[in-house]
Amino acid sequence: MIDTIANGLNNLSNFPFFYYPLTFIVSLLVGSFLNVVILRTPKILEQEFRQECCDLLEVKDIKEESTRKKLSLSYPPSTCPECDTKIKPWHNIPVVSYLFLKGQCSNCKTSISIRYPIIELVTALLSLLTIFLLGFSTTGLLSLLLLWTLITLTVIDIDTYLLPDNLTLPLLWLGLVINSFGIITDLSSAVWGAIFGYLSLWSVYWLFKLLTKKEGMGYGDFKLLAALGAWMGWQSVPLIILLSSFVGAVIGIVGIIIMGRDKNIPIPFGPYLAIAGWIAFLWGDSIIDFYFNTFAV
């Protein structure tokens, strides 16, 4: 079955005028869905945690049953947060609807955050870059799943300082499954990548906590690096750690100098891991080759 799919993709790869526009359009739609996932996942987790606490304590939720809505990714339908008007399908076309409505609700004219079309457009452009570099192939299409999940985790972590298990753990298992077929790396490297990825940050976490009595990062960071190791193999983990530290330092310095960010405000580490992981995924071999060719003694 894998061979059949691969052969079909190889045949389509001869028609870039078909798969590049297709990738862009589909990725715009995916970006629109990612906005929903980013917005609702933390609220769903909060609701579930609240309910579990009430069940454990055997108390009723202080919120009235009649006003409490059980959230999911599909329910309730998307509405304007200001006037509660249901968003019509033609008002939800990625990027286009935002421009057509001039960034406002069609009913109450409340401003809509520009973040939504930015996420849609970034998702589409990075997806195009991925297919351009990896081709319209099994590897290229599976890599889009990794990219879309990393985008989602990045924004959620920036918003809430959370890396939800219901995103990081499926990403980890998917990496192990696809590499059981040797698509990106061999299974042994993937398994040890997951182990090495988790234990490396877990060790740093406990060392930092023992020395400072503070928590420097969350367990979600361990799981995200484990997932990246499962996708790329244990050989990629040191590069991802180094790149994430570099990316974090650059963004942190820019934030302090240009944006005047308070250096004492906690900064989520997940986005740096996600950015570093994606750079390592696309250009890891080139970066390593450049390093050894430049600094080899």
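Both backbone and side-chain heavy atoms feed into the values below; hydrogens, waters and symmetry mates do not.
- Listed by chain and residue number, Lys223 satisfy the salt bridge (charged side-chain N to carboxylate O under 4.0 Å, His left out) test with Asp165 (two or more places apart in sequence, or in another chain).
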Could you check Ile287 against Leu243 for side-chain contact (heavy atoms from CB on, under 4.5 Å), going step by step and ending with a plain yes or no? CA-CA 10 Å; Ile287 293 172; Leu243 285 174; 4.3 Å; yes
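- Taking all atoms of both residues into account, the shortest heavy-atom contact from Ala230 to Leu176 is CB-CD2, 3.9 Å.
- Ile93 belongs to a hydrophobic cluster whose other members, connected by ILVMFWY side-chain contacts under 4.5 Å either directly or through intermediates, are Val96.
- Atom CD1 in Ile38 sits 9.5 Å away from atom OH in Tyr116 (nearest 0.5 Å).
- Side-chain atoms of Thr185 do not come within 3.5 Å of backbone N or O of Gly182 as any donor-acceptor pair.
- Here CH2 of Trp283 is found 9.0 Å from CH2 of Trp278. Values are rounded to the nearest 0.5 Å.
- Residues Pro164 and Leu153 have side chains in contact (heavy-atom distance under 4.5 Å, counting atoms from C-beta outward).
- Side-chain contact between Trp148 and Ser27 is present, with at least one heavy-atom pair separated by less than 4.5 Å.
- Of the options Leu39, Leu34, Leu167, Ile151, a side-chain contact (heavy atoms from CB on, under 4.5 Å) to Ile156 is made by Leu167 and by none of the others.
- Among all heavy-atom pairs drawn from Pro271 and Asp157, the shortest one is CD-OD2, 3.2 Å.
- Atom CG of residue Leu224 and atom CG of residue Leu201 lie 9.0 Å apart, to the nearest 0.5 angstrom.
- Judged by distance alone, the side chain of Arg40 and the main-chain N or O of Tyr75 form a donor-acceptor pair under 3.5 Å.
- A donor-acceptor contact closer than 3.5 angstrom is absent between the side chains of Ser286 and Asp289.
- For the side-chain contact (heavy atoms from CB on, under 4.5 Å) test, residues two or more places apart in sequence or in another chain that qualify with Thr212 are Phe208, Lys214.
- Note: Ile131 CD1 to Phe136 CZ = 6.5 Å, rounded to the nearest 0.5 Å.
- Checked against the 6.0 Å centroid criterion, the rings of Tyr272 and Phe246 do not qualify as a close aromatic pair.
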